[in-house]
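Step one of this worksheet: look at the structure below.
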Amino acid sequence: MDNSRPSSPEAPPQDLWSSILDSVSTSRSIPAKQIVILGQPSTGKSTLAAALLQKAAADEVKEDQRSDFALGYDWADVRDEVDEDTLARLSVYTVPSSAPSYTSLLPHFLPPRTSLPHTLIMIVLDWTRPWAFVDELLTWLTWIEAWVKGDDSRELIITREETRERLQSHIQHYTEPSSEPLPASSTLSGALLPLSFGTLTHNIGGVPIIVTCTKADLIDENNDVIGAGASGMGGMVKGKGGEWEERTDTVMQILRTICLKYGAGLFYTTPQPQTLHVLRQYALHMLFIPPPPSPTMSGEVAAPVRNPFPFQHKPNTLDRDRIVVPAGWDSWGKIGVLREGFDAKAWGEAWEHDLDNSSDESTDEPGARKLYTNLVPDQGPKPPSLPPFNNPTPEQIFLAKNYDENARRADRDPRGAFRNPTENPAAGIVGPMGSSSFNLPNVERALTEMEGGVNVGGSGSLNVSVNGETARKSSGRTSARTPTASLAVPHPGSGSGRSPVTSPTLASSPSSGQTQHEVLQNFFQSLLSSKDRPSGSPTPRTSSSAPKTNGTAAPQPSASSGGNEEES
């Protein structure tokens, strides 16, 4: 009998609960996927983002009222259509335009080393501006290559190789969907065929790319000859057949050739929900591409992992408004079948020429952009031309020119309106004192009329009363102002000791050796000096007496002649 007791069980680990949570979170973790929408303004990016997230599209806002962000972002959970389980969390980033100020922000939010295996890029082209297709593709695809290259670290190089192998395996294993399910053994039997000519020659990171042409319903909008129109390819007969259909088919062949080089899909969309639903299914299908099957120890290839979002829509290259060209189906041969005369190889070489000479356009060999411009001319609105350069005449030159013209023609001198017609322009001095309209006779006449005086003896002398107060008193007694005496300056030789002092006499012409200016100065100075003296104060050197008027004597202050004459 064995009396030995069984050994006690091992003690549970201390972090049991943490290990259980980690195992559950690992098995039930929700994968996060990103879609980056690249496109120029007003190309329909917001409509595509709402369709990918299955959210209601925002109401259309006018262009001047639209608020664009430097980098748009939104997210939603992707649920299973059967049991409503959350399969993934989808994030959508929207870049407003190809300006470096916008595109430089994206690597900070989506570093290629960690986000490259979980990212799909969608390039949006607008069918209302078909002349810009090649230019925009060249801009965006060049940026994608630069973003995938990153800092060329060792971890990023390994990630790029893995994602490229995954995309290449998807293209090689592509089979067109059919109504009858294929046996599982058929997918593993036989060796994989190499990639066809012109397939996946670029896209070093193997990032899934979808080229989406929006507003495809406007391709055949009218059936008559129009101008630029909404589609921008005016001057051609629109509708089925003819030059219009041939040219639009050639545009699609060019797009398919470029997409084939990057392993990208090509889709046309309209506002109809069906085209947007097909695009969303394909985007989810490309986001969940399984890794390539690895060979086992026995040399057999393991079965590939099933994609949780299968894509069951067949390719479509005939319906002009709902083109569906998935990656892995197209080839140069299928592109040439659509329209005879198209050389996919020549267009591929022209595209390579543009990539190699993106900064040098002086080469003689035409690239894809030049060839495409000849096919689809630019019909967009042109900016208004600048007005001709206005070179004004310098101010001094303008004034000198007009001065010379006015100097030649006397009638254009504005001073002529104020000049006396009888005046001699050469006489006098510059200014109002040199004008003959202000000479001595005119001043004498004006003062005579103002004072109501008269000339005595016809000598032309100005006879005025100096004492304004006495004159006002006398004017109150008489009905009219009359001069009582002639004011004259006594001659130095006169013997009269108390001759009446009179106002200085202004000669009609400066014949006494004095100029007009001196006479005027003396006259006005004598008037001012006589008014400044008190009426009752005696004059130091002269005495004056006024003649009696109506029996009364009015004393008159003496007035000096301004220094020209003195009393004896």
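Values below: every heavy atom of this structure, side chains too, minus hydrogens, waters and symmetry copies.
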Query - Candidates Val207, Ile210, Ile209, Leu52 - the one meeting side-chain contact (heavy atoms from CB on, under 4.5 Å) with Leu120 - result: Ile210

Query raised in the report: So does Asp152 pair up with Arg160, basic N to acidic O under 4.0 Å?
Result: yes

Requested in this report: Give the minimum heavy-atom separation between Ala327 and His170, together with the two atoms involved.
Outcome: O-NE2, 4.1 Å

**Report entry** Residues Asp249 and Arg320 bridged, charged N to O under 4.0 Å
**Finding:** yes

Query raised in the report: Have Ser153 and Arg113 got a donor and an acceptor in their side chains that come within less than 3.5 Å?
Result: no

Query - Nearest heavy-atom neighbours spanning Val78 and Arg280 - result: CG1-NH2, 4.1 Å

Requested in this report: For residues Ile289 and Arg166, report the shortest heavy-atom separation together with the two atoms involved.
Outcome: O-CD, 3.3 Å

Report task. Go through the steps for Trp127 and Phe133 under the test ring-ring contact (aromatic ring centres under 6.0 Å, His included), then give the verdict. Result -> CA-CA 9 Å; Trp127 256 112; Phe133 281 178; 5.2 Å; yes

Report task. Ignoring hydrogens and angles, state whether a donor on the side chain of Tyr73 or Ser91 is under 3.5 Å from an acceptor on the partner side chain. Result -> yes

Query - Non-hydrogen side-chain atoms of His202 and Glu352 separated by less than 4.5 Å - result: yes

**Report entry** pair Tyr282-Val324: side-chain heavy atoms closer than 4.5 Å
**Finding:** no

Query - CZ/Phe197: more than 12 non-hydrogen atoms of other groups inside 6.0 Å - result: no

Query raised in the report: Is a donor on one side and an acceptor on the other found under 3.5 Å between the side chain of Arg322 and the backbone of Asn316?
Result: no

Report summary line: Partner of Arg129 under side chain to side chain donor-acceptor pair (under 3.5 Å), picked from Gln40, Glu136, Gln379, is Glu136

Query - Pair His277, Gln281: side-chain N/O donor-acceptor within cut-off below 3.5 Å - result: yes

